[in-house]
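What follows is a short report on a single structure.
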Amino acid sequence: MSVVPSSLLPASAAPAFRGRIGRDVRSGHYAVPHRYRLHVAPSSPGCLGIALVHGLLGLDDTLPLAVLPDTPDAPDGGYAALRPLYEASAHLYDGPASAPVLSDGWTGRIVTTHVPDILRDLALRFRGDGPDLLPEEHRAEIDAVADLCERNVNRAAQRAGELGLDDGAAHHEPLGVLFAALDSLERRLAHRPYVLGDGPTLADVHVWVTLVQLDTVHRWHLDAAAMDRVADHPALWAYAQRLATRPEFAHHLDIDAVLRRHRSHCRGREAAGAGIRIVDWSAAPR
């Protein structure tokens, strides 16, 4: 079993449940058609990535996908529909019933809520005749790309926004990290159609979902000058637009839902002047 880098999770997050799908019956949880169900709210980046992998692997007839509302409907920030699963899986569970969830229909309990593990287990255990999204020779590189996206793009953009535009030069440091990460991805995509070569892998899932977040959510917390520099990566954004024309990538993408979810919990200031998106995500097919 591969080790999941801790940096793949936001610093404040911890999975409530973390089981794995094994190779065979001896593992307890093993891949069987129609045994499991995915519960996702694609307005969140982790859930969008899971829905994307589900589509790329063509799992509609094997592993049902339950799509939740774009914003949680319980007072604690969770989903009422998931509460019975959480309570069946942990005695006196009192945390939020949040998405994503991979549930086991045979036991009525949760297998895992851990996004990186769900992505890996979909790619490794439920692949069937679908593309190899986690080729063994590229697993370390895929982990590195995921880490780059989470730490150097998502967290850096978030940190720059938290520092604000009137805190002197403080926000320049996370912006420098962000621009360096985008430069690295630009170089990767300058002469290849996908992050690791000629076909999609989990690296593309991480990068594409990160670009969606950057262009729809993080842009509100960066000024126009910063967004001009973000936009100055033509190969990267052409890649994002090209993948957005693929139904597997676009099917669960709802920009209005992403923004509604963001506004429901965002407490930061939104910068003026960065309102124009780099990619026209609404042009993607459904």
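Excluded from the calculations below are hydrogen atoms, water molecules and symmetry mates; all remaining heavy atoms, backbone and side chain alike, are included. Position 1 is the first residue of the sequence; numbering continues from there.
In plain terms, the two heavy atoms of G77 and P96 that are nearest each other are C-CB, 4.4 Å. Considering all non-hydrogen atoms of both residues, A80 and A74 come closest at N-CB, 4.3 Å. The two residues S43 and A257 make their nearest non-hydrogen contact at CB-O, 3.6 Å. Closest non-hydrogen pair, A88 versus G108, comes out as CB-O, 3.8 Å. Nearest approach of G22 to R125, heavy atoms of both residues: O-CD, 3.4 Å. Looking at every heavy atom in both residues, A181 comes nearest to N152 through CB-CB, 3.6 Å.
Using a 4.5 Å cut-off on side-chain heavy atoms (C-beta onward), R188 and L196 make contact. Contact annotation: the side chain of V195 never approaches that of T201 to less than 4.5 Å [non-hydrogen atoms, C-beta and beyond]. Counting heavy atoms from C-beta on, the side chains of R219 and L222 never come closer than 4.5 Å. For the pair L102 and D117, the minimum side-chain heavy-atom distance is 4.5 Å or more. In this structure, I118 and L38 have side chains that are in contact, with non-hydrogen atoms separated by less than 4.5 Å. Side-chain atoms of Y239 and V207, non-hydrogen and from C-beta on, do get closer than 4.5 Å to each other. Residues P45 and V212 have side chains not in contact (no heavy-atom distance under 4.5 Å, counting atoms from C-beta outward). Contact of the P193 side chain with the D198 side chain is registered, since non-hydrogen atoms from C-beta on lie closer than 4.5 Å.
Taking CD of E87 as the reference point, atom NE2 of H91 lies at 11.0 Å (rounded to 0.5 Å). Atom-to-atom distance recorded for Y36:OH and I21:CD1 is 4.0 Å, nearest 0.5 angstrom. Considering CG of L63 and CZ of R37, their distance stands at 9.0 Å, rounded to 0.5 Å. Atom CG of residue D223 and atom CG of residue L175 lie 7.5 Å apart, to the nearest 0.5 angstrom. Here the straight-line distance linking atom CG of L236 with atom CD of E186 works out to 6.0 Å at 0.5 Å rounding. Atoms CG and OG1, from L253 and T216 in turn, are 8.0 Å apart once rounded to the nearest 0.5 Å.
Under the side-chain hydrogen bond (donor to acceptor under 3.5 Å, both in side chains) criterion, R260 pairs with D70, not counting sequence neighbours. For R35, the salt bridge (Lys or Arg N to Asp or Glu O under 4.0 Å) partners at least two apart in sequence or on another chain are D104. In this structure, the side-chain hydrogen bond (donor to acceptor under 3.5 Å, both in side chains) partners of H39, at least two apart in sequence or on a different chain, are S103. Taking the side-chain hydrogen bond (donor to acceptor under 3.5 Å, both in side chains) definition, one finds that D215 meets it with W281, sequence neighbours left out. Under the side-chain hydrogen bond (donor to acceptor under 3.5 Å, both in side chains) criterion, Y194 pairs with R246, not counting sequence neighbours. When the salt bridge (Lys or Arg N to Asp or Glu O under 4.0 Å) test is applied to D256, no partner is found at least two apart in sequence or on another chain. Checked against side-chain contact (heavy atoms from CB on, under 4.5 Å), V217 has the following partners two or more places apart in sequence or in another chain: Q213, V258, H262. For A157, the side-chain contact (heavy atoms from CB on, under 4.5 Å) partners two or more places apart in sequence, or in a different chain, are L178, L214, H218.
Among residue pairs with one or both ends in residues 224-236, those qualifying as side-chain hydrogen bond (donor to acceptor under 3.5 Å, both in side chains) are D183-H233; sequence neighbours excluded. Applying the salt bridge (Lys or Arg N to Asp or Glu O under 4.0 Å) test to every pair with at least one member in residues 89-101, sequence neighbours left out, gives no pairs at all.
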| said: Evaluate L202 against H138 for side chain to side chain contact (heavy atoms under 4.5 Å, CB included), listing each step before the verdict. | reply: CA-CA 10 Å; L202 282 185; H138 290 304; over 6 Å; no

Let me see the working for R83 and D76 under salt bridge (Lys or Arg N to Asp or Glu O under 4.0 Å), right down to the final yes or no. CA-CA 11 Å; R83 174 59 55 181; D76 60 5; 2.9 Å; yes

Apply side chain to side chain contact (heavy atoms under 4.5 Å, CB included) to residues R120 and R20 and explain how you reach the verdict. CA-CA 9 Å; R120 284 171 172 76; R20 297 301 300 270; 3.9 Å; yes

What verdict does the side chain to side chain contact (heavy atoms under 4.5 Å, CB included) test give for H206 and L119, after you've listed the backbone C-alpha separation in whole Å, the side-chain angles of each residue and the deciding distance to 0.1 Å?
CA-CA 10 Å; H206 291 299; L119 293 174; 3.8 Å; yes

Would I255 and R277 count as a side chain to side chain contact (heavy atoms under 4.5 Å, CB included) here? Give the steps. CA-CA 11 Å; I255 296 303; R277 294 187 187 125; 3.3 Å; yes

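Cluster membership for L122 and L65, using ILVMFWY side-chain heavy atoms within less than 4.5 angstrom, is shared. Side-chain heavy atoms closer than 4.5 Å link hydrophobic residues (I, L, V, M, F, W, Y) into clusters, and following such links, possibly through other members, connects I278 to F179.
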Acceptor/donor pairs from residues 126-136 side chains to any protein atom, 3.5 angstrom cut, sequence neighbours excluded:
from	atom 1	to	atom 2	distance (Å)
R127	NE	G130	O	2.8
D132	OD1	L134	N	3.2

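For the pair S44 (side chain) and A41 (backbone), a donor-acceptor distance under 3.5 Å is present. Counting only distance, with no hydrogens or angles, the side chain of W237 and the backbone of L211 share no donor-acceptor pair below 3.5 Å. With T113 contributing its side chain and A16 its backbone, the two residues share a donor-acceptor pair below 3.5 Å.
Grouped with I110 in one hydrophobic cluster are F17, L68, Y79, L82, L85, Y86, Y93, V101, the linkage being side-chain heavy-atom contacts under 4.5 Å among Ile, Leu, Val, Met, Phe, Trp and Tyr residues.
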